Asks: 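One structure follows; several queries about it will come next.
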Amino acid sequence: MRLELGPETVEALRAHAVRAFPEECCGALLVDAAGTVTARPLENGAPERRHGFLVAARDYLSLERDADARGLALCGFYHSHPDAAAVPSAADVDAAWPRLWTVIVPVTASGAAAPRAFLFDDTTRTFTEGALP
């Protein structure tokens, strides 16, 4: 299992995490027919953004319409873990979508580190880490 994120996409994820710190950022990962993955930042609608994220239904529907119009497909979501490791939390398990990537970016006041990517198995309710370039 491998998620092909180019350096510019990785940098976009890290920059978004830094901008949102000390709150969590979130966004979608979209892939085109050639396999190029891009990030689309989304608004974090969680009531407590320091320890969670929530994508509003209207934002998700807008994302789907825009992706369809541009010939893109949703391949996952990303979010940051402020002052925490890039390890899926219990909340991440509850929010995970099967067959879609969950990318977590660890971030502190000093900056964002390398993201990690995971796939969720809804049968076992566990994440398996995938490789990033």
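This structure is a prediction, so every number in the text was calculated from the model and none was measured.
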Asks: Minimum heavy-atom separation for V105 to A112, with atom names?
Replies: CG1-CB, 3.9 Å
Asks: Checking the side chain of E24 only, and the main-chain atoms of R49 only, is there a donor and an acceptor separated by less than 3.5 Å?
Replies: no
Asks: With no hydrogens and no angle check, is any side-chain donor or acceptor of N44 less than 3.5 Å from a backbone partner on L54?
Replies: yes
Asks: Kindly give the heavy-atom pair with the smallest separation between V55 and C26, and that separation in Å.
Replies: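 Taking every non-hydrogen atom into account, CG2-SG, 4.1 Å.
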Asks: Spell out, yes or no, whether L3 and W97 are grouped together once hydrophobic residues are joined by side-chain heavy atoms under 4.5 Å, including indirect joins.
Replies: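 The answer is no; the residues belong to distinct hydrophobic clusters.
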Asks: So how far is it from T38 OG1 to E8 CD, rounded to the nearest 0.5 Å?
Replies: 10.0 Å
Asks: If you look at every heavy atom in A28 and L63, which pair is closest and at what distance?
Replies: CB-CD2, 3.5 Å
Asks: For H81, what residues pass the ring-ring contact (aromatic ring centres under 6.0 Å, His included) criterion, not counting sequence neighbours?
Replies: H79
Asks: Who passes side-chain contact (heavy atoms from CB on, under 4.5 Å) against A56, sequence neighbours left out?
Replies: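 Only R58, D59 meet the side-chain contact (heavy atoms from CB on, under 4.5 Å) criterion with A56.
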Asks: Mind checking side-chain contact (heavy atoms from CB on, under 4.5 Å) for V10 and listing every partner two or more places apart, or none if nothing turns up?
Replies: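 By the side-chain contact (heavy atoms from CB on, under 4.5 Å) rule, V10 matches L5, R14, P115.
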Asks: Who passes side-chain hydrogen bond (donor to acceptor under 3.5 Å, both in side chains) against E11, sequence neighbours left out?
Replies: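 Checked E11 against side-chain hydrogen bond (donor to acceptor under 3.5 Å, both in side chains); zero matches.
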Asks: Drop me the distance from D92's CG to T102's OG1, to the nearest 0.5 angstrom.
Replies: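 D92 CG to T102 OG1: 7.0 Å, rounded to 0.5 Å.
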Asks: Of all residues at least two apart in sequence or in a different chain, which pass the side-chain hydrogen bond (donor to acceptor under 3.5 Å, both in side chains) check with T108?
Replies: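 Partners of T108 by the side-chain hydrogen bond (donor to acceptor under 3.5 Å, both in side chains) criterion come out as none, since no residue qualifies.
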Asks: Just jot down the salt bridge (charged side-chain N to carboxylate O under 4.0 Å, His left out) partners of R2, sequence neighbours excluded, or say none.
Replies: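 Partners of R2 under the salt bridge (charged side-chain N to carboxylate O under 4.0 Å, His left out) test: E4.
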Asks: Any salt bridge (charged side-chain N to carboxylate O under 4.0 Å, His left out) pairs touching residues 124-133, not counting sequence neighbours?
Replies: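 Sorted pair list: D94-R125, R116-E129.
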Asks: Could you identify which residues cluster with V18, counting Ile, Leu, Val, Met, Phe, Trp and Tyr as linked when any side-chain heavy atoms lie under 4.5 Å apart, either directly or through a chain of such contacts?
Replies: F21, V107
Asks: Under the criterion side-chain contact (heavy atoms from CB on, under 4.5 Å), I'd like the reasoning laid out for L30 against L74: C-alpha separation, chi angles, the key distance, then a yes or no.
Replies: CA-CA 5 Å; L30 303 171; L74 179 68; 4.2 Å; yes
Asks: Relative to the ring of H16, is the ring of Y78 parallel (under 30°), tilted (30 to 60°) or perpendicular (over 60°)?
Replies: perpendicular
Asks: Is I104 linked to V93 within one hydrophobic cluster, defined over Ile, Leu, Val, Met, Phe, Trp and Tyr using a side-chain heavy-atom separation of less than 4.5 Å?
Replies: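 The answer is yes; both residues are in one hydrophobic cluster.
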Asks: Does anything in residues 66-84 pair up under salt bridge (charged side-chain N to carboxylate O under 4.0 Å, His left out), and if so which pairs, sequence neighbours excluded?
Replies: R40-D66, D66-R70
Asks: Testing the basics here: between A39 and P41, what is the closest heavy-atom pair and its distance to 0.1 Å?
Replies: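 Looking at all heavy atoms of both residues, the closest pair is O-CD, 3.8 Å.
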Asks: Which heavy atom in A117 sits nearest to a heavy atom in V103, and how many Å separate them?
Replies: CB-CG2, 4.0 Å
Asks: Only counting residues at least two apart or in another chain, list the ones meeting ring-ring contact (aromatic ring centres under 6.0 Å, His included) with F120.
Replies: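 ring-ring contact (aromatic ring centres under 6.0 Å, His included) check on F120 returns F127.
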Asks: Test your reading of the model: is there a side-chain donor-acceptor pair from T128 to the backbone of L119, 3.5 Å cut-off?
Replies: no
Asks: For a quick test of reading the model, state the closest non-hydrogen atom pair linking A86 to P106 and the distance between them.
Replies: CB-CD, 3.6 Å
Asks: Partners of E43 by side-chain hydrogen bond (donor to acceptor under 3.5 Å, both in side chains), sequence neighbours excluded?
Replies: none
Asks: Could you measure the distance from the CZ atom of F118 to the CG atom of L100? Nearest 0.5 Å is fine.
Replies: 15.5 Å
Asks: Hey, are the side chains of L29 and L13 touching, using non-hydrogen atoms and a 4.5 Å cut-off?
Replies: yes
Asks: Mind checking what makes side-chain hydrogen bond (donor to acceptor under 3.5 Å, both in side chains) contact with T124, not counting sequence neighbours?
Replies: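 Scan of T124 (side-chain hydrogen bond (donor to acceptor under 3.5 Å, both in side chains), adjacent residues dropped) gives T126.
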